[in-house]
Protein chains: 2
Amino acid sequence: MDLSPLINHIRNYISLEFSDADLLLLQEYIPIVHYKKGSILLKEGEISKDSYFNFRGCVRMFYNINGVEKTANFYTENKFITVFDSYTQKKPSEVYLECIEDCTLAKISFDSEQELLKKFPKLEVLSRLILEEELSTYQNIVATFVSLSPEERYVNLMENRPELLNRIPQYYLSSYLGVSPESLSRIRKRIFSK
Amino acid sequence: MDLSPLINHIRNYISLEFSDADLLLLQEYIPIVHYKKGSILLKEGEISKDSYFNFRGCVRMFYNINGVEKTANFYTENKFITVFDSYTQKKPSEVYLECIEDCTLAKISFDSEQELLKKFPKLEVLSRLILEEELSTYQNIVATFVSLSPEERYVNLMENRPELLNRIPQYYLSSYLGVSPESLSRIRKRIFSK
DNA sequence: ATAACTCGTTGACTTTGGTTAAGAAAAGCT
DNA sequence: AGCTTTTCTTAACCAAAGTCAACGAGTTAT
């Protein structure tokens, strides 16, 4: 099991080198797990015991509102996946996490994380940076809802996360954009006939 | 100047008692400032040097999109006000902060905060908790946009932050809900004629 | 291979929101 | 008080989104 994509990614946030012994320790604490498309990592009401780092695949975060699934976010390669409310405060989750592709994830249990933070105190900073990045992501999402029409949000998505359009089924995208699947279909028709 | 509302509020997050000497020190580092309605605390493009704790009044966070102001959040009594991106990473702010009422705020400069963190290391935890609370707030806002209609978002606001409805002008609320002022007026008419 | 299912599109219809413009109501000012 | 400015409402019209239903292309299962 090769953690190097994770290690490399950590270097984007903080300067921290690991010795060979460190790496063995990391590999002990952080298993890499394969999940089949359709696997549910977390259900509404459960307390999230693990956070993840995405090596390959796509994880969808969604709410179930009266039986209708509403997508809040997509986590693709090299993203950390944490349901912060539930993970850090041990509250029941309001969201589901679902692998919508076959996924390869580093699985970091809460207890392992605490151990690793003792061993590598520098990682404290990392978790704060990830939290800030996540906040920034959500602030941007709110900004698009407050300031853009559904059509403009779709165009915005084409510009900012074009890779999503080719790999995410449209009915997931539509709920992420806050419109019905039929509307997204018509929005696309309008855009591409221009 | 009496910091006790702030001290009491901090107790909601962490257990931390201050001696009389501590209090004097806090008062030295954290001035309490009065702002007139209409005061701008931060402009787009500026780097946020201060975070605030709201004793009294209401601060509005908004984007300026092509000359149109779009409200992202309202901060009322006993809320911490921080533009995290800009404050922690010294990036130009994308948002404005405006006092939409006469306000009394504790003003915490970045440098003071660093000094205080040295003196009271327990406060480190506090800043993380505030960050998590802010993330949770934004996740909830996204949830309402993804899953509710404008009318339902207004009803949701009546249920969850009813105090806002009586003190915030409707044209600010409308941009917070992502609709035009005229639409909000019609939404209210629909709701109250039921 | 065919049946069942999933997903995307389209049409018809209704509801809702955006826009522009006008005016009413409320708040602030001298 | 009277005047001005700000805020809210209403109307008319158009564009867009929701809903329901049908259809077809593509996939999966048996």
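In what follows, chains are A, B, ... by sequence order, proteins preceding strands, each numbered from 1. What's counted below: heavy atoms across the whole structure, side chains too, no hydrogens, waters or symmetry copies.
For the pair Arg60(A) and Tyr172(A), the cation sits on the ring face: its NZ or CZ lies under 6.0 Å from the ring centre, inside 45° of the axis.
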With sugar-phosphate taken as primed atoms, P, OP1 and OP2 and all else as base, the protein-contact string of nucleotides 13-30 of chain D at under 4.0 Å (heavy atoms; B, S, -) is ---SSBBB----------
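The separation between Leu165(B) atom CG and dT7(D) atom P is 17 Å, rounded to whole Å.
Leu177(A) and Arg153(A) get closest at one heavy-atom pair: O-NH2, 2.7 Å. Between Tyr138(B) and Met61(B), the shortest heavy-atom contact is OH-SD, 3.5 Å.
Under a 4.5 Å side-chain heavy-atom criterion applied to ILVMFWY residues, the cluster that includes Phe62(B) comprises Tyr96(B) as well.
For Lys37(B) and Asp102(B), the salt-bridge test fails: no basic side-chain N is under 4.0 Å from an acidic carboxylate O. By the 4.0 Å N-to-carboxylate-O rule, Arg167(B) lies close enough to Glu101(B) to be salt-bridged with it.
The aromatic ring centres of Phe120(A) and Phe18(A) sit less than 6.0 Å apart. Aromatic pair Phe80(B)/Tyr52(B): ring centres not closer than 6.0 Å.
In the 5' to 3' direction, nucleotides of DNA chain C lying under 4.0 Å from heavy atoms of chain A begin and end at dC7(C) to dA12(C).
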